[in-house]
Colleague: 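Once you've had a glance at the structure underneath, I'll fire off some questions.
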Amino acid sequence: MSVRVRYAPSPTGSPHVGNLRTAVFDWLAARKYGGQFITRLEDTDRDPKRYKPEYIREIEESLIWLGITPDEWWVSGGPCGPYIQSERLHLYREAADALIARNMAYRCYCTEERLAEMRAQQQAAGTGTGYDRRCRWLTDTERLRLSEEGLPYTVRLAVPLEGTTGYTDLVFGDVTFDNRTVDDQVLLKSNGWPTYHLAVVVDDHHMGITHVIRGEDWMPSTPKQVLLYGALGWDQPVWVHIPLTLGSDRKKLSKRHGATQFVDFIRMGYLPEAMFNFMVLLGWAPGDDREVMTVAEILERFDLNGIGRNPAIFDYDKLRWMNGEHIRRCDHGRLAELCRPFLAEAGIIGDPPSEEENETLAALIPLMVERMHLLSDAPALMAPYFRDPEEPDAAGRRKWLTGSDARSRLTACVEAFSSDGSPLTAECAEETINRVAESLGIPRAPVIHTVRVAVTGTMVGPGLFEALAVLGRERVVRRLQRAQEWVVE
RNA sequence: GGCGCCAUCGUCUAGCGGUUAGGACGGCGGGUUUUCAGCCCGUUAGCCGGAGUUCGAGUCUCCGUGGCGCUACCA
């Protein structure tokens, strides 16, 4: 079976994790079952309050960054183009005309004012809202008169007055609606542009879409589209609604819940494979207990039938944990590359970095990998290795750089580390520290702590010997000497 | 209000009539150590309620309750 699936974003908002998650499911379905992943721009809402062309860039960036570049889309074209709805307007008009000719749709001349008034009355009366179908029952002469007057009109779907409309959903099973509760939806706006309902059906049909994978919030409008497929004489796709992603307040994820825009996650230093892994787990679970997976492993286990039905709350804590897991599995060379922009932006390394900075970074990665959760942790974690600390951490100073004992430890260390000219390895550093402790007749722990604060300015960090090796003898000695001024009595 | 969907630890979930209800995140406790992190071990906490079907129900049916979604010439 060849599947064709599509992601249909609208440039009326920055794509968010909920949206991209459906794109991930689309991509997975296409790859898993050997088909094409198509992305189509649904830009039929041109209200300047909502439509923002810059969102198109964000959509493109997000998809590419995630590694799910579409097989067919407006960027690279394809056999069913154009992939931008505003460039396909004639198709929707043709469909609308065909619908009118078959009495499956009709022209509606009601003004927005009348519609608003009608809705207000319905709400006041506490009855269900929906178009009252006034224009559906216009006589031919009335229709002719209105037409000759050249009044603007919309085209509405003529929903059957009785019976039911249903469909089978791959995730939710059979869903049925009483036609009396289905509205005579506007199909073509008065400006001649289609609404979502018409455009999506026309394009999905012409583009040969076999599976419509989209958010559960589309379920209530599906009967309108099912009706449209029938009226147009087309075969329905397989419907696959996936449960929503919620914020911590259990409401549909939105800006209110902190970072939800996908590009924010990119900027915050999440790894694409971690986002992919995490998003797919929101609604789908592999058979076994392995949760941290590569894209390849997910693909191997993925099955559309395994998608659950309950909405999932987006758990930032778990995402953070998972990102750390993927960082630890990340190739060190690639990780260094990924950290670079974060370090450069913080002004810790140059842009481009010097050769020495690159070497330091490469040496640092293995030491930092288990303390990073986000790439954006890199600057704070790594700063002490690129620049001499301005001053020691206050608590660290109080604890390890205070009193005559601290002073003598430092003095002994300066001497011990500068008495040798060989490159400073971790083994050599350990040996030196051990020797100092021995000569002072104390355990090595206090020496280690004092040196750590003296050299890195902080009490936390990777194993000291490895850290000293990264810094090199010259910088270590320099910092130890300078730290002597930091000692307080 | 109408329509639709959903309902297992705080969160993500496994479970597809018989289980000590399993795993993961988080929390808590302990271990390792040179601090932090990591790692290891342990622990915490759950089947929304009520009927029914059945020898037996988290699992099937119905009702209730709750939550969410949709209800635009937005998608």
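Below, read A as the first sequence line, B as the second, and so on, with proteins coming before strands; counting in each chain starts at 1. Only this structure's heavy atoms are used, side chains among them; waters, hydrogens and symmetry mates stay out. The shown structure was predicted, so the numbers you read here are calculated from the model rather than taken from an experiment.
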Colleague: Where the side chain of A:Pro220 is concerned, which of B:rC73, B:rG23, B:rC70 is the nearest nucleotide?
Modeller: B:rC70
Colleague: The side chain of A:Val186 is closest to which nucleotide in this list: B:rA75, B:rC73, B:rA24?
Modeller: B:rC73
Colleague: Pick base, sugar-phosphate or nothing for A:Gly283, based on heavy-atom distances below 4.0 Å to the nucleic acid.
Modeller: sugar-phosphate
Colleague: Using a heavy-atom cut-off of 4.0 Å across all strands, would you classify A:Arg119 as base, sugar-phosphate, or nothing?
Modeller: sugar-phosphate
Colleague: Would you indicate, yes or no, if B:rG2 has its OP1 or OP2 atom less than 4.0 angstrom from a side-chain nitrogen or oxygen of A:Arg180?
Modeller: no
Colleague: Does A:Asp184 use its side chain to pair, donor to acceptor, with the backbone of A:Tyr131 at less than 3.5 Å?
Modeller: no
Colleague: Among B:rC39, B:rC70, B:rU35, which nucleotide has an atom closest to any side-chain atom of A:Val460?
Modeller: B:rU35
Colleague: If you only use heavy atoms from C-beta on, which nucleotide in B:rG4, B:rC73, B:rG2 is closest to the side chain of A:Phe177?
Modeller: B:rG4
Colleague: Could you pull out every donor-acceptor pair under 3.5 Å between side chains of residues 187-195 of chain A and any protein atom, sequence neighbours left out?
Modeller:
{"unit_1": "A:Lys189", "atom_1": "NZ", "unit_2": "A:Thr44", "atom_2": "O", "d": "2.9"}
{"unit_1": "A:Asn191", "atom_1": "OD1", "unit_2": "A:Trp193", "atom_2": "N", "d": "2.8"}
{"unit_1": "A:Thr195", "atom_1": "OG1", "unit_2": "A:Val186", "atom_2": "O", "d": "2.8"}
{"unit_1": "A:Thr195", "atom_1": "OG1", "unit_2": "A:Leu187", "atom_2": "O", "d": "3.4"}

Colleague: What does A:Arg452 touch in the nucleic acid at a heavy-atom separation under 4.0 angstrom: a base, only the sugar-phosphate, or nothing?
Modeller: base
Colleague: Taking only side-chain nitrogens and oxygens of A:Asn310, does any of them come within less than 4.0 Å of OP1 or OP2 of B:rC68?
Modeller: no
Colleague: Among B:rC73, B:rG26, B:rC74, which nucleotide sits nearest the side chain of A:Arg156?
Modeller: B:rC73
Colleague: Tell me which nucleotide among B:rC73, B:rC6, B:rU34 gets nearest to the side chain of A:Leu115.
Modeller: B:rC73
Colleague: Going by an N to O cut-off under 4.0 Å, is there a salt bridge joining A:Arg290 and A:Glu300?
Modeller: no
Colleague: From the set B:rC39, B:rC5, B:rC74, return the single nucleotide nearest to any side-chain atom of A:Arg50.
Modeller: B:rC74
Colleague: Under 4.0 Å between any heavy atoms, over every strand shown, what does A:Phe314 touch: base, sugar-phosphate, or nothing? Just pick one.
Modeller: nothing
Colleague: Select base, sugar-phosphate, or nothing to describe what A:Met219 touches, counting heavy atoms under 4.0 Å on all strands.
Modeller: sugar-phosphate
Colleague: Under 4.0 Å between a side-chain N/O of A:Thr129 and OP1 or OP2 of B:rA72, yes or no?
Modeller: yes
Colleague: Indicate, with a heavy-atom threshold strictly under 4.0 Å, whether A:Leu464 touches base, sugar-phosphate, or nothing.
Modeller: base
Colleague: Counting heavy atoms from C-beta on, name the nucleotide in B:rC39, B:rU35, B:rC68 closest to the side chain of A:His449.
Modeller: B:rU35
Colleague: Check every atom of B:rA75, B:rC25, B:rC70 against the side chain of A:Asp315 and return the nucleotide holding the closest atom.
Modeller: B:rC25
